[in-house]
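Reading through the structure tokens given below for one structure.
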Amino acid sequence: MTEHFQAYSRYYDLLYQDKDYEAETEYVAELLGRFRPAVNTVLELGSGTGRHAELLAGRGPQVTGVERSATMLEIANRRAAAVEEEAAFAFHQGDVRTFRSDQQFDAVISLFHVASYQISNADIRNMFRTASHHLLAGGCFVFDVWFGPAVLAQQPEVRIKRLEDDTVCVLRIAEPSMNICANRVDVHYTMLVSDKATGTVEQFTECHPMRYYFPLELDLIAEQTGFEIVHREEWMTGHAPSEQTWGVTFVAQKNAWKGEL
């Protein structure tokens, strides 16, 4: 898997400044409480710039994040360093498919479609194996994906986003192309970043391949890696998945009688 967040990473927080991290964290905390009571330790796979980890740690658990992008990891570490008291969250650079540590956790989470960035069968199986390796028996793995039935029914479309802060204006154009046989949408991003102080404009492009998933294939991958999918619902709403629910949350329980496969 190539590095998808390169120059894009520098503007990640600005691009998603309208994202309701507080509500999302409350939602994830509620799911964890429902399927794994008394969660004291959490591993986040694909922790980005660390906002979910910071907010979740503020609710009590010790949170450890794993992030591949060096730029995003730097931002996350600055976030942790800015906390006056000893932070209950920390970050490591690593690939969600191969990261290994000696620590085990009550829960593993992976948010904002990190699982959909795992575009091959080997990629997603290895991500599940990472979760299994770090979970205590009976622990749960909470993740969300692009939901195949909705992607096929609605079809991705071109989207344009304009944002600015005190220093830059950003125009992002997202142009998707479908690869039906691979269950994948290649999202081609064009970014134009105008520096307010100098008037200079930077332009760059990145392609983010995103796999959409179907319930039965996730059931199979879970079974192959020592999990059972015990719950699925529309992200944030709790509604049953349907052709209208592009983002779907899954909860996988680690089987107490199975190790890492």
Rounded at 0.5 Å granularity, tell me how far [atom1] in [X] sits from [atom2] in [Y].
X: Tyr11; Y: Gln17; atom1: OH; atom2: CD; value: 14.5 Å
X: His133; Y: Gln103; atom1: NE2; atom2: CD; value: 10.5 Å
X: Leu163; Y: Tyr16; atom1: CG; atom2: OH; value: 10.0 Å
X: Tyr189; Y: Arg159; atom1: OH; atom2: CZ; value: 10.0 Å
X: Arg10; Y: Glu202; atom1: CZ; atom2: CD; value: 4.5 Å
X: Leu218; Y: Glu223; atom1: CG; atom2: CD; value: 13.0 Å

Using side-chain heavy atoms (C-beta onward) and a distance below 4.5 Å, is [X] in contact with [Y]?
X: Leu15; Y: Met191; value: yes
X: His208; Y: His113; value: no
X: Asp219; Y: Arg232; value: yes
X: Arg129; Y: Gln224; value: no
X: Ser110; Y: Phe141; value: yes
X: Trp246; Y: Pro156; value: yes
X: Val28; Y: Leu31; value: no
X: Thr49; Y: Met72; value: yes

Dump the intermediate steps for side chain to side chain contact (heavy atoms under 4.5 Å, CB included) on Arg68 and Val96, then the final yes or no.
-> CA-CA 8 Å; Arg68 185 178 183 185; Val96 301; over 6 Å; no
Which pair of non-hydrogen atoms, one from [X] and one from [Y], has the smallest distance, and what is that distance?
X: Val63; Y: Ala57; value: CG2-N, 3.8 Å
X: Gly94; Y: Val66; value: O-CG1, 3.6 Å
X: Ile124; Y: Ala115; value: CD1-O, 3.8 Å
X: Phe91; Y: Ser47; value: CD2-OG, 3.6 Å
X: Asp144; Y: Phe112; value: OD1-N, 3.0 Å
X: Gln154; Y: Glu243; value: NE2-O, 3.0 Å

Is there a chain of hydrophobic side chains (I, L, V, M, F, W, Y, each step under 4.5 Å between heavy atoms) that links [X] to [Y]?
X: Ile75; Y: Leu73; answer: no
X: Val201; Y: Leu171; answer: yes
X: Val42; Y: Val83; answer: yes
X: Ile180; Y: Met210; answer: yes
X: Val187; Y: Phe204; answer: yes

Gln244 vs His239, side chain to side chain contact (heavy atoms under 4.5 Å, CB included): CA-CA, chis, key distance, verdict | CA-CA 10 Å; Gln244 303 304 312; His239 297 159; over 6 Å; no
Could you check Gln253, Gln104, Lys254, Arg36 and say which one makes a side-chain contact (heavy atoms from CB on, under 4.5 Å) with Leu135?
->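 Only one of Gln253, Gln104, Lys254, Arg36 forms a side-chain contact (heavy atoms from CB on, under 4.5 Å) with Leu135, namely Lys254.
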Would you mind telling me which of Val142, Ile109, Val114, Thr64 makes a side-chain contact (heavy atoms from CB on, under 4.5 Å) with Glu44?
->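 When side-chain contact (heavy atoms from CB on, under 4.5 Å) is applied between Glu44 and each of Val142, Ile109, Val114, Thr64, only Ile109 qualifies.
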Give the C-alpha distance, both sets of side-chain angles, the deciding distance and a yes or no for side chain to side chain contact (heavy atoms under 4.5 Å, CB included) between Cys169 and Arg162.
-> CA-CA 7 Å; Cys169 296; Arg162 294 179 177 87; over 6 Å; no
For the residue pair Phe214 and Tyr212, categorise the inter-ring angle as parallel (less than 30°), tilted (30 to 60°) or perpendicular (more than 60°).
->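 Phe214 vs Tyr212 ring planes: perpendicular.
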How are the rings of Phe128 and Phe227 set relative to one another: parallel (under 30°), tilted (30 to 60°) or perpendicular (over 60°)?
->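 Correct class here is perpendicular.
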Criterion salt bridge (Lys or Arg N to Asp or Glu O under 4.0 Å) against Arg51, the qualifying member of Glu22, Glu24, Glu67 |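 Single salt bridge (Lys or Arg N to Asp or Glu O under 4.0 Å) partner of Arg51 among Glu22, Glu24, Glu67: Glu22.
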Look at the side chain of [X] and the backbone N and O of [Y], then say whether any donor-acceptor pair between them is shorter than 3.5 Å.
X: Glu234; Y: Val248; value: no
X: Asp106; Y: Asn40; value: yes
X: Thr130; Y: Asn126; value: yes
X: Gln62; Y: Ala88; value: yes
X: Lys161; Y: Val170; value: no
X: Thr205; Y: Thr190; value: no
X: His134; Y: Ser101; value: yes
X: Thr25; Y: Leu55; value: no

Indicate, with yes or no, if the rings of Tyr213 and Phe250 have centres closer together than 6.0 Å.
->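 Aromatic pair excluded; centres sit 6.0 Å or further apart.
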Under 6.0 Å between ring centres, would you say that holds for Trp235 and Tyr27?
->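 Centroid distance Trp235-Tyr27: below 6.0 Å, so yes.
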Taking atom types as modelled, is there a side-chain donor on Arg211 or Asn179 under 3.5 Å from an acceptor on the other?
->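 Result is no, nothing qualifies.
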Should the heavy atoms of other residues, nucleotides or ligands under 6.0 Å from CD of Gln93 be counted, would the total exceed 12?
->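 Atom CD in Gln93 is packed in, count exceeds 12.
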Test side chain to side chain contact (heavy atoms under 4.5 Å, CB included) applied to Leu152 and Met178, step by step | CA-CA 9 Å; Leu152 294 179; Met178 295 280 289; 4.0 Å; yes
